[in-house]
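Structure, as structure tokens:
Just so you know, residue 1 is the first one in the sequence shown, and it goes up from there. Whatever order the structure lists ligands and atoms in, that order sets their numbers, starting from 1. Because the structure is predicted, anything quoted here is derived from the model rather than measured. Just so it is clear, the values below take in all heavy atoms, side chains as well, and ignore hydrogens, waters and symmetry mates.
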Amino acid sequence: MADLRTTVAGISFRNPLWLASGIWGESGNSLKGAWDAGAGGVVTKSIGSEPRMGYPNPTIETYDNWGMLNAMGLPNPGIDEYPQEIGVARDAGATVIGSVFGADADEFARLGERMAATGVVALELNLSCPHAKGLGSEIGQDPDQVREVVSAVKRAVRVPVIAKLTPNHYDVPLLAEAAEKAGADAISAINTVRAMAIDARLRRPVLAHGSGGLSGPAIKPVGLACVWQIFERVKIPIVGMGGIETADDVIEYLLAGARAVQVGTAVAFEGVGVFRRLGEELTRRLDALHVVQVADLVGAAHGAPAAP
Ligand SMILES: Cc1cc2nc3c(=O)[nH]c(=O)nc-3n(C[C@H](O)[C@H](O)[C@H](O)COP(=O)(O)O)c2cc1C
């Protein structure tokens with residue numbers, strides 16, 4: 001049977017299927033639920049310095065078959081409240097990655113230190129939320145700020161640091177290079193794609209915030225292209241995401257260069273059972289393809305001739 005284990009930034013994961021930040025990961029019990037259902041790692045909701053309510057409703061619009069539009073506004077309980085939630089997930093044996101967001105390098109470093117102290121195996125820096133003023137991708141679209149934030153966090157913590165990038169930039173690999181130069185141990189790509197919907201009958205945006213971020217199957221080609229290009233420009237490991245719903249989606253991301261993947265919208269649509277299903281499907285697919293281990297597929301499509 002194919003070996004699903006994978007290693008990212010020196011950490012061993014039981015399989016490459018992680019819960020993505022912001023979907024299902026708000027409480028310790030929900031992180032535990034995803035772990036118990038078979039996720040190889042669980043990423044927390046992005047946590048900030050203070051509790052945040054997020055935007056007023058409507059914050060989410062779903063589309064059958066192709067995805068979800070959201071502008072949640074980073075609601076979260078704040079770092080003072082969160083360590084106990086991570087405790088619940090860690091007591092269940094979960095491999096937890098702590099996601100944080102901030103307004104500048106100092107805030108990221110302070111939060112990173114607090115998050116690392118909870119016992120997470122790695123930090124994921126949310127440099128990429130497309131709809132939070134002064135946070136997220138407003139920082140993450142500027143290579144200099146990416147460098148500053150990553151350097152500051154690296155100085156503050158000992159756990160591996162993963163920089164999560166936005167696809168909303170003309171040269172995403174440039175952002176990855178900035179993160180790598182600053183000492184990032186891995187890259188996560190991608191966060192949601194900036195998007196909006198308008199209600200023609202009401203003559204106004206569907207989401208209260210106006211624009212938001214698109215996720216789900218519609219963005220899989222965008223995520224794949226980002227992972228592909230990043231793989232060609234940096235040496236650090238990549239965690240790929242965007243629209244993963246099937247084992248073949250996972251395999252495509254691995255072939256593009258990801259060592260692990262994250263699943264978000266499919267969890268929202270299907271529940272955490274998606275991890276058991278994907279794990280079983282992936283094992284069957286790899287066995288059918290005579291692939292012995294996940295590592296054998298990582299980046300394997302590069303340099304290969306295009307499919308006929
Ligand atoms: C409702 C919702 C909330 C999200 N919240 C966060 C968040 O707090 N932090 C973060 O880094 N990404 C957040 N994301 C982005 C996801 O982690 C992921 O990068 C994106 O949705 C693409 O993966 P998917 O197509 O599998 O959903 C959120 C996405 C959705 C749909």
Side-chain angles (χ1 to χ4, degrees), residues 16-27 30-31 34 39 41-48 52 54-55 57-63 65-79 82 97-102 108 111 115 122-132 135-137 139-140 149 162-168 172 187-195 207 209 212-227 238-246 249-250 252-253 258 260-270 272 274-275 278:
L17 312 165
W18 303 3
L19 172 70
S21 179
I23 299 112
W24 214 281
E26 193 142 333
S27 74
S30 54
L31 292 169
V42 292
V43 185
T44 69
K45 172 81 196 156
S46 291
I47 302 297
R52 248 176 93 100
Y55 296 137
N57 285 326
T59 52
I60 290 191
E61 178 74 3
T62 54
Y63 302 93
N65 306 321
W66 58 273
M68 180 184 279
L69 184 63
N70 94 86
M72 306 288 293
L74 292 169
N76 79 96
I79 193 72
Y82 209 66
I97 297 101
S99 170
V100 292
F101 71 92
F108 265 101
L111 274 165
M115 184 60 95
L123 294 179
E124 187 177 81
L125 310 182
N126 181 355
L127 298 165
S128 41
C129 180
H131 50 72
L135 306 163
S137 62
I139 294 173
V149 169
I162 307 172
K164 182 168 177 183
L165 302 182
T166 176
N168 304 316
V172 178
I187 299 292
S188 277
I190 54 175
N191 208 311
T192 52
V193 176
R194 191 186 301 112
L207 301 180
H209 180 255
L214 189 64
S215 60
I219 69 165
K220 191 183 90 176
V222 181
L224 276 176
C226 287
V227 169
I238 306 164
V239 183
M241 79 206 77
I244 291 174
E245 287 193 326
T246 68
D249 296 335
V250 176
E252 289 168 32
Y253 270 95
V261 297
Q262 295 182 19
V263 185
T265 300
V267 179
F269 283 153
E270 190 178 328
V272 286
V274 70
F275 289 107
L278 279 178

Ignoring hydrogens and geometry, is there a side-chain-to-backbone donor-acceptor pair from [X] to [Y] under 3.5 Å?
X      : Y      : answer
Tyr82  : Pro77  : no
Asn76  : Leu74  : yes
Tyr55  : Pro75  : no
Ser188 : Ala163 : no
Ser128 : Lys164 : yes

Which residue and heavy atom of the protein sit nearest [atom], plus the separation:
atom                    : result
atom 6 (C) of ligand 1  : Ser21 O, 3.3 Å
atom 20 (C) of ligand 1 : Thr192 CG2, 3.9 Å
atom 26 (O) of ligand 1 : Gly264 N, 2.9 Å
atom 1 (C) of ligand 1  : Asn70 CG, 3.8 Å
atom 9 (N) of ligand 1  : Ser46 OG, 2.7 Å
atom 29 (C) of ligand 1 : Ile23 CD1, 3.6 Å
atom 21 (O) of ligand 1 : Ser215 CB, 3.3 Å
atom 3 (C) of ligand 1  : Gly22 O, 3.6 Å

Validation row: [X], [Y] side chains within 4.5 angstrom (heavy atoms):
X      : Y      : result
Ser99  : Met115 : no
Phe101 : Leu111 : no
Val239 : Glu124 : no
Leu17  : Val261 : yes

Exercise for the section: Pick one of side chain, backbone, both or neither for how Thr265 approaches ligand 1, counting any non-hydrogen atom pair under 4.0 Å. Expected result: both

Practice task
May I ask you to identify, for Asn191, whether its side chain, its backbone, both or neither come under 4.0 Å of ligand 1 on a heavy-atom basis?
Solution key: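 Both the backbone and the side chain of Asn191 come within reach of ligand 1.
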
Exercise for the section: Taking only heavy atoms of Gly242 into account, list the atoms of ligand 1 that are under 4.0 Å away from them. Expected result: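 Reading through ligand 1 atom by atom, the close ones are 22 (C), 23 (O), 25 (O).
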
I'd like to check whether [X] has a polar contact with ligand 1, where a contact means an N/O of the residue lying under 3.5 Å from an N/O of the ligand.
X      : answer
Met68  : no
Met72  : no
Gln262 : no
Gly243 : yes

Practice task
Show the numbers, then the answer: is there a side-chain contact (heavy atoms from CB on, under 4.5 Å) between Val42 and Trp24?
Solution key: CA-CA 10 Å; Val42 292; Trp24 214 281; over 6 Å; no

Handout entry: Residue list, side chain to side chain donor-acceptor pair (under 3.5 Å) with Asn57, at least two apart or on another chain
Key =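 Result, side chain to side chain donor-acceptor pair (under 3.5 Å) vs Asn57: Thr59.
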
Completion exercise
Heavy-atom proximity to atom 12 (N) of ligand 1, picking from Lys164, Lys220, Lys45, points to Lys164

Practice task
Mark the output for Thr59 as yes if a heavy-atom distance to ligand 1 is under 4.0 Å, and as no if none is.
Solution key: no

